[in-house]
Amino acid sequence: MNPPAFAAAPVRLSGLRLPRFTWNQETLLLAASLWFTLACNGSFWDAVLQGRNPASPGTWRFLAGTGLLITALHFILAALPACRRSLKPLLALLLALAAATGFYMHKFGIYVDPDMVRNVLRTDPAEARELLTPDLLWHLLLYLGLPLLFLSRVELLPRRPGPALLRRGLSLLAALLLGAGGLALASQDLAALMRNHKEVRYLITPGNVVYSLARTWSRDARASPAARQVIAPDATLGGTWAGRRKPVLFVLVLGETARAANWGTHPGPDGRLRDTAPETTARNVIRFTDVRSCGTSTEVSLPCMFSLQGRRHYDEAAIRNSESLLHVLARAGFRVVWRDNQAGCKGVCAGLEQQRPEPRPELCDGERCLDEILLDGLPRLAADHQGNLVLVLHQLGNHGPAYHKRYPESFRRFGPGCDTADLSQCSQERIINSYDNALLYTDHFLARTIDLLKAQEDRYDTALLYVSDHGESLGENGLYLHGIPYAIAPREQTQVPMLLWLSPGFSRSASLDAGCLRQAAAGPASHDHLFHSILGLLDVQTRDRDTQLDLTAPCRS
Ligand SMILES: [Zn+2]
């Protein structure tokens, strides 16, 4: 077979003859490491230089020391696994990671920590497509295209294995010494930085991606979902069940990316009051006004809110390896059904009944469906079942950045909106308008669900609990979307709406005083209350139920 014609020809770009470089591996490694430090870490430098005097010699010493340290770390990271054959593909991969993460860190103010990497790894194709915007293309052209073009022009010097190994060893030693020198130079400021703003290390790219991937994979390798830790093995129906005439139909709506600040009546970006929850308010729901989420991402919050540990004893591995609240309810005799319009239940419904409603064109665009799809066939499901039923409806909710795709045309009430997933194309006002329209649609979806439950009252005692998994930043302090490390997360990402609706029959059967609950709803609450409050609402007894964390306990007679 003939080799391709262009193989030996020098690369030409519109007549431009590009030079070729013959380098040894260590020179190329050094050039790449310097590129990472100088070109790819804008978010890191912005964060660590905040509030520093650019003219002070201390700032320059700190810059030089930190720059040296980061360059040395990336040199070691790439030099350790690379050989002559693998070096260029490895650098190409690191360049791609650095270019892409640099773009999203700068654009949305995100940090790339293990939780964020887990979010990215679990992203479905529709979600990923919404994040691929034209400005990413320009960024990649500059920050990936140019270095790749350069990489393609570098020819590596051949070397015999013995001297190559010696040279690599010596270069690693030099990098270690230089890194230590950098650390010594910046140690005082770095120590203070790591004490007060430890999270900035998740802005050092591409090291942050490699580290977070390694952490995520090692955690997953240790996880053994086949043998989940059993919790509440003694779960059984409590005393109120003896005198009940009807079974319970309890719907838990798991919201997505709804933040408390924009729920209900609040000032819009135009300064005028607007209401994003008129339909549920008209149905007299009990609104919990001060609810804190367990995490700032679905990957953290969802498993956590169904767990016994919660945020107060947060341990990701323990939570992933344990049964969830849903397994406890199933053990107590409830039929538990998880209906999903999003990316699955993250293990909390493992082994339980799962349904994904059939897409239909009125509600679906070929990629995603509006949340009302979750109600398809619901009356049928209720009619065909005998006994207690717990239904979890997992919404797509306010999933960003394409907020404008989360509601039908008839819910375009606040305008003008942001009709693109590329938030940089829209003013904050437009982004908030679309976000609020999506909340308005969730409000409608919840109201329809309540109406469906009302229609079941002759057969069931019905109730609905709605809670969002985390909030969202909509441009406050330059932040967008969510997923900021929990310790430094702004309120917008951690305060979530929570609503409770009880049919009169449900309140009566469970001996609950709705007026008392309405008063209790003004107090502080969190995802940590969910596990125990749902056991309380459904009167499931177990030694693992903590009445201190049961929001309904003070309101039960
Ligand atoms: Zn989420």
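Sequential numbering from 1 along the given sequence is applied to the chain's residues.
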side-chain contact (heavy atoms from CB on, under 4.5 Å) with Phe108: of Leu423, Ile484, Leu479, only one passes, and it is Leu423

Per side-chain contact (heavy atoms from CB on, under 4.5 Å), Arg339 is matched among Leu378, Val392, Val253 by Leu378

Nearest 0.5 Å, what's the [atom1]-[atom2] distance between [X] and [Y]?
{"X": "Arg368", "Y": "Leu370", "atom1": "CZ", "atom2": "CG", "result": "11.5 Å"}
{"X": "Leu396", "Y": "Ile373", "atom1": "CG", "atom2": "CD1", "result": "12.0 Å"}
{"X": "Asn119", "Y": "Glu127", "atom1": "CG", "atom2": "CD", "result": "8.0 Å"}
{"X": "Ser293", "Y": "Leu302", "atom1": "OG", "atom2": "CG", "result": "12.0 Å"}

Lys/Arg cation over aromatic Tyr486: Arg311, 6.0 Å, 45° cone:
yes

**Study point:** Cation-pi geometry met for Arg412 and Tyr407 (6.0 Å, 45°)
**Key:** no

Applying disulfide bond (SG atoms under 2.5 Å apart) to Cys304 and not counting sequence neighbours gives Cys294

With sequence neighbours left out, the residues meeting disulfide bond (SG atoms under 2.5 Å apart) with Cys83 are none

Check the side chains of [Y] and [X] for a donor-acceptor pair under 3.5 angstrom, ignoring hydrogens and angles.
{"X": "Arg259", "Y": "Asn262", "answer": "yes"}
{"X": "Thr298", "Y": "Asp469", "answer": "yes"}
{"X": "Thr71", "Y": "Ser33", "answer": "no"}
{"X": "Asn24", "Y": "Arg84", "answer": "no"}
{"X": "Asp46", "Y": "Ser43", "answer": "no"}
{"X": "Asp419", "Y": "His404", "answer": "no"}
{"X": "Thr420", "Y": "Asp422", "answer": "no"}
{"X": "Gln342", "Y": "His394", "answer": "yes"}
{"X": "Asp443", "Y": "Thr280", "answer": "yes"}
{"X": "Gln395", "Y": "Asp371", "answer": "yes"}
{"X": "His482", "Y": "Glu492", "answer": "no"}
{"X": "Arg430", "Y": "Gln425", "answer": "no"}

**OP:** Taking the six-membered ring for Trp and the full ring for Phe, Tyr or His, determine whether the centres of Tyr466 and Trp263 are under 6.0 Å apart.
**Re:** yes

Exercise. Are Phe150 and Phe21 close enough that their ring centres sit under 6.0 Å apart?
Worked result: yes

So for atom [atom1], which belongs to [X], do other residues, nucleotides or ligands contribute more than 12 heavy atoms lying within a distance under 6.0 Å?
{"X": "Tyr143", "atom1": "OH", "result": "no"}
{"X": "Trp23", "atom1": "CH2", "result": "yes"}
{"X": "Asn477", "atom1": "CG", "result": "no"}
{"X": "His106", "atom1": "NE2", "result": "no"}

Stepwise, does the side chain to side chain donor-acceptor pair (under 3.5 Å) test hold for Ser212 with Asp113? CA-CA 6 Å; Ser212 299; Asp113 61 2; 5.9 Å; no

Check whether any side-chain heavy atom of [X] sits under 4.5 Å from a side-chain heavy atom of [Y], and report yes or no.
{"X": "Leu146", "Y": "Leu142", "value": "yes"}
{"X": "Phe288", "Y": "Leu499", "value": "no"}
{"X": "Pro497", "Y": "Val291", "value": "no"}

SB check [X] [Y] (cutoff 4.0 Å):
{"X": "Arg360", "Y": "Asp376", "answer": "yes"}
{"X": "Asp436", "Y": "Arg274", "answer": "yes"}
{"X": "Arg61", "Y": "Asp189", "answer": "no"}

Side chain to side chain donor-acceptor pair (under 3.5 Å) filter on Glu367, not counting sequence neighbours, yields Arg129

- Glu472/Thr257 under side chain to side chain donor-acceptor pair (under 3.5 Å): CA gap, chis, key distance, verdict: CA-CA 6 Å; Glu472 185 87 324; Thr257 317; 4.7 Å; no

Heavy atoms of Ala32 and Leu91 approach each other most closely as CB-CD2, 3.8 Å

When every non-hydrogen atom of Val154 is compared with those of Lys88, the smallest separation belongs to O-NZ, 2.7 Å

Residues at least two apart in sequence or cross-chain that pass salt bridge (charged side-chain N to carboxylate O under 4.0 Å, His left out) with Glu279, listed by chain then number, are none

Applied to residues 407-444, the disulfide bond (SG atoms under 2.5 Å apart) test, sequence neighbours excluded, yields Cys418-Cys426

Residues 94-104 vs side-chain hydrogen bond (donor to acceptor under 3.5 Å, both in side chains), sequence neighbours excluded, gives Thr101-Thr205

